[in-house]
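Below is one structure, written out as structure tokens; the observations come after it.
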Amino acid sequence: MSKNEYPFINRELSWLDFNDRVLEIVSRDTVPLMEKLKFLSIFSNNLDEFFMIRVAGIVDQIDLGYEQKDRAGLSPKEVLERIRSKTKELIKKQKKYFFEVADGLEKNGVVINRDCNQCHLEYCSIVFEDIILPSISPITLSSSNPFPFIYNKRSAFIVEMEKDGKGFISVIIIPEQIKKIYTNKTNGKTNVFVLEKIIADKLQDMFRDYSIQDHYIIRITRNADLTIEEEGSEDLLKLVEEKLDKRRKGQVVRLEINKEPSKKIEKLLLKHFDIEKEDIYITSDFIDLTSFFELKADNKKLYFKSFTARFPKDVPLNSDIFNYLSEHEILTYRPYNDFSLISKLVEIAADDENTLSIKMTLYRTNRNSKIIKNLIRAAQNGKSVSVVIELKARFDEKMNVKWAKRLEEAGCIVTYGIPGFKIHSKNLLITRNEFGKIVKYSHLSTGNYNEETAHVYTDLDYITSSEKIGMDSANLFNYLMGYTDYAKWRNIVLAPRYLRKKIMELIDYEIESAKKGHNAHIIIKVNSLIDKDLIKKLYEASNNGVLVDLIVRGMCSLEPKREGFSENIRVISIVGRFLEHPRVLYFYHNGEELVFISSADFMERNMDRRVEHMIEIKNPKLKEKLINMMNLNLEDNINAWELKGCEYAKTEPQNKLIDSQNYYIDNEF
Amino acid sequence: MKNGLFAVINIGTSAFRLEIGSFEKGQYKQLEYLIKSLSLGKDTFSKGYISSQSIETACDILNKFRLKMKEYGIKNRFKAIATSGVREAKNREFFIDYMLKKASVDVEVLTPHEELYIRYIGIKNEFKNFSRFEKKGIALVNVSSGNVSVIIVKNRSIMYADSLHFGSLRLNEMFKHVDSKHKIYAYRRYIDNMLDKIRETVSNFEIKNIVFAGSSINILNRIFSTDKNSLKKSDIRRLFDSLKYEDCDYIKKSFKIRENEAEVLKPTLSIYLSVLSLFGLDGFYFSRTTFPNKLLMHYSKSYKMCSLNDYLEDTILAIGDKYDFDKKHALCVKNSAEKLFDELKDIHLLDKKYKKLLEIAALLHDVGYFINAETHERHSYYIIRSMRLPQISDADNKLVSLTALLHKAQEIDPYIKMHDYLSEEEMFILMKLASLLRIADALDASHRQLVEGFDVLKMGSNITIRIKSSKYTYFEELSLKKKSELFTNVFGIKINVERAV
């Protein structure tokens, strides 16, 4: 490989590795059983999304005749083959872990039943007759009853039957709205039944005139039909943009089946769903593990030990908070610090007579968002409230449209950003008139304004009354709301125009330092590292002697420790109880130590097609907190995996166990 | 400026700008600066009017700006100003009316001289030791999209002030059909032709410094990214030579500037080079503050040096000299008019600013003699009306000219009336000023300064002017009786004349 041909890891395969690491959490002894079950469910959910978006995009490319190799040197066909093979391995592993977890749970009083045994026949019959039967309609295939359409992520029974020596096939689609998990508590035990099991036991009752020969449970994953502007597969679709109208919309990209199908059934499925044999994935009778996410157990020992998220010390939770902020900056770390501080801040501002305006970007939020309720209240109190909503936040579109309507009805100014650019930046700006002096309070975050995920995602929240940052925040909103076409940026670095350039400059500075023989060190913590130019720049840094530590939770296309490219680069991934989400950048900068927080991942979409922010944390105390946090991440030997070449290996604890996630549960950030 | 917030909207030829700032303990802080691109100039300079699409867009922008001001609770403390893009549009009245009705923004159109005056005041406040520049001779050249305005100050006189129609966007629009290689020659020819208008004035005295202002500065600043506030002519020449045959796309990419800036770069540089050659200077200064900021400081009355009035009398006298006026008579009438204004302020109730206008009218009321003695008042009117004084707005110039006309004329010509329409309120002010000027003029009717002084005595419903003189003042007294009729008609008060014993 020449110096011009940089090594890259295919992003799809890297993503599958990430999901593998999620699955591996289940193998940890320290993880309680119900949490393990949740991770199994998360694994399945992740995989669903991956097939609907990414695999579907690759299938589109293949169908439309695109054969160009990607930067990792793989054609779409090769990528698809490897995805199929890796996914099948992972499913096997998931199945094994699931039954181990089920066994473990059974010993702890939570019994995941593999059939409706005698003890629970009555319960299962009631569920079947009262809940399930009224919702299902078996269709026995014939020339007048064709194979019914099965929607995305929907399961169905394929039943092989015989009557009078003639074979029949019946299809029972499981409706979406029906509950998937049923629990029956008896003798101090929680007995769990999945819907498919209850139906399977009642098949003969349903088809009394027929003799049931066999049955299969299938689950369909379809192409999510995203447009090129939508989030997820824009990079794949861009390559086949001209031919997009020829795409087969809603095409099936995966068929999961509980067991190896008979030749007859296989033929039927391949033909009907227009798929290849390789698109069939054999799972188990528990075909949809995503449904286990909703299962609850009474025994608290089966869950992670709960903890109370802290409010930062000395911060008054009334209008004095603004006095406090005029002298202090706040940096909090979710979920260890209580994210409700932000909704409290909005609530205080909403009732505060000095508040002139409140502005916020909204990408993803939760159903009963207190922040939004407080924004509505502020508008009702006569404050000028503006919300910039991103309507194309994948899977949150409907919710965002709903919020937009409610906010508008309350008198808020609702805008939808800049066409062609998704707003991923997370900003809140409160402007007050403090006895004739206009003061702006800015909140910049690495995470969404989502109070529910704030318990699960780790993220950083920075609140400041800095005049320069306030001006930049105001400019950002002016820009997003179409009030201005140009703005002068003082502290906030924005994508798409400036962010990549700034990061490149910072890396270049380290390269120059290293060339002069000075210390040069970069630490970058992001969710994904895919951006080709940034990866090449990091290889260049490594080749010039810059020490590079990368903490990349998910996809990473950079190959570390590769001779001639990346000997000085170490890549780790932290996957644990909480989903790592902050983006933090550290540059030694000749001893000055510059630390930034950002909303952007190192991906082309974030750098070029989204509005993202990066801000330097200059406050020495806050900077120290971030440096400590990054160092702790680098030392983690409980949740961390190290990328060695193209494979991840679990870091092994040496003398001392270091869990960067648990640390902040017990210690102040 | 009192503590608080103030906002200015500037409707320029290529963009709309809003600046909001706060004043706290004498300190100014910019809170918002918004720019929305909309080239009204492209419409106005090519079609002569603002298109309906641009009017709608302008309305949207102003509505957004209004919302922004509302955010800060700004209701009245703002000013919306438009320059040549609106000023020269045939449908400007419709534009103004539409913005008022649809965006609730009352747009005031600045004359080129008002614009130049505000820029000059801004620069005077921005540059340290500016008075030294003024002493040696300074030219402020505002190169905007629509016009090039020039003001020349030397010692304490404004030697020249005028606005010439060859701004960068205007040139670009005028010659857009000329092929790109020949455009620079077309620009040059037109610019030199326009500059001929000031060539003679400039040749009479030496100018040591030149300050450039206007939207063109932003482009140069971005290209040269200098920390200083000066550039050399050779820098401009080099830049011009490097791009003179290139197309807009190349210019845009090479200098990383916006398309609308790339479009006007060549005409802009042509203007700079021609103006510098005209003044024979090798370099220039430029202002770093924006025009909206200057407008904001001006309208919020926040400039320390807030007018050019100190130079007004010298400038007016220089104009009078140009028309070979009777300086002694002019100064005598001016002094009398000042005294009458002060002594009768409880009666005429005019704002202080009208005293300055009365003084100008008094100094220049007879300049028309230069053309013809018989109808000199009409010629005075025309001369003053065509006079370009940056510190005098067009509305004020109108009042001064008409006051000078009425120092002799009994009434205003219908033709002039039609051209210089006055509202009832303005007409009333004019009559008050003219009545005072007529008395002041009568007090030196013989042009021999025989009246050494006078007292104004207010007794009941009568006013007596008691003349002090050691000489016979029959002509003055006779003239006073006759010329004070207008005062009586306006105020209903009779003027008696008596000699002090």
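Every chain is numbered from 1 and lettered A, B, ... according to where its sequence line falls, protein lines coming before strand lines. What you see is a predicted model; the values in this text were computed from it and never measured.
A salt bridge is defined here as a Lys NZ or Arg NE, NH1 or NH2 lying under 4.0 Å from an Asp or Glu carboxylate O, and B/R170 with B/E88 meets this definition. A salt bridge does not link A/K437 to A/E434: none of the charged side-chain nitrogens sits closer than 4.0 Å to a carboxylate oxygen. The pair B/R119-B/E115 counts as a salt bridge, with a side-chain nitrogen and a carboxylate oxygen less than 4.0 angstrom apart. A salt bridge links B/D249 with B/K253: the distance from a Lys NZ or Arg NE/NH1/NH2 to an Asp or Glu carboxylate oxygen falls below 4.0 Å. A salt bridge links A/E505 with A/K501: the distance from a Lys NZ or Arg NE/NH1/NH2 to an Asp or Glu carboxylate oxygen falls below 4.0 Å.
Heavy-atom distances place both the backbone and the side chain of B/Y72 under 4.5 Å from chain A. Looking at B/F65, only its side chain comes within 4.5 Å of chain A, counting heavy atoms on both sides. Neither the backbone nor the side chain of A/K383 has a heavy atom closer than 4.5 Å to any heavy atom of chain B. Of the atoms belonging to B/K29, it is side-chain heavy atoms, and not backbone ones, that fall under 4.5 Å from chain A. With a threshold of 4.5 angstrom between heavy atoms, A/T484 approaches chain B through its backbone and through its side chain. In this structure, no portion of B/R17 lies under 4.5 Å from any heavy atom of chain A.
The choice from B/Q30, B/K25, B/E71 that makes the most heavy-atom pairs within less than 4.5 Å of chain A is B/E71. Ranked by heavy-atom pairs under 4.5 Å with chain B, the first of A/G482, A/S386, A/A474, A/G470 is A/G482.
A 4.5 Å side-chain heavy-atom check between A/K537 and A/I511 finds at least one atom pair inside the cut-off.
The aromatic rings of A/Y509 and A/H589 lie parallel to each other, their planes meeting at an angle below 30°, with 60° marking the opposite boundary.
Proximity to chain B at a heavy-atom threshold of 4.5 Å picks out A/L356, A/S357, A/K359 from residues 347-360 of chain A, in numerical order.
A donor-acceptor contact shorter than 3.5 Å is absent between the side chain of B/N229 and the backbone of B/Y285. Proximity of a side-chain donor or acceptor of A/S599 to a complementary backbone N or O of A/E612 within less than 3.5 Å is not detected.
In this structure, A/F322 has its ring center closer than 6.0 angstrom to the ring center of A/Y441.
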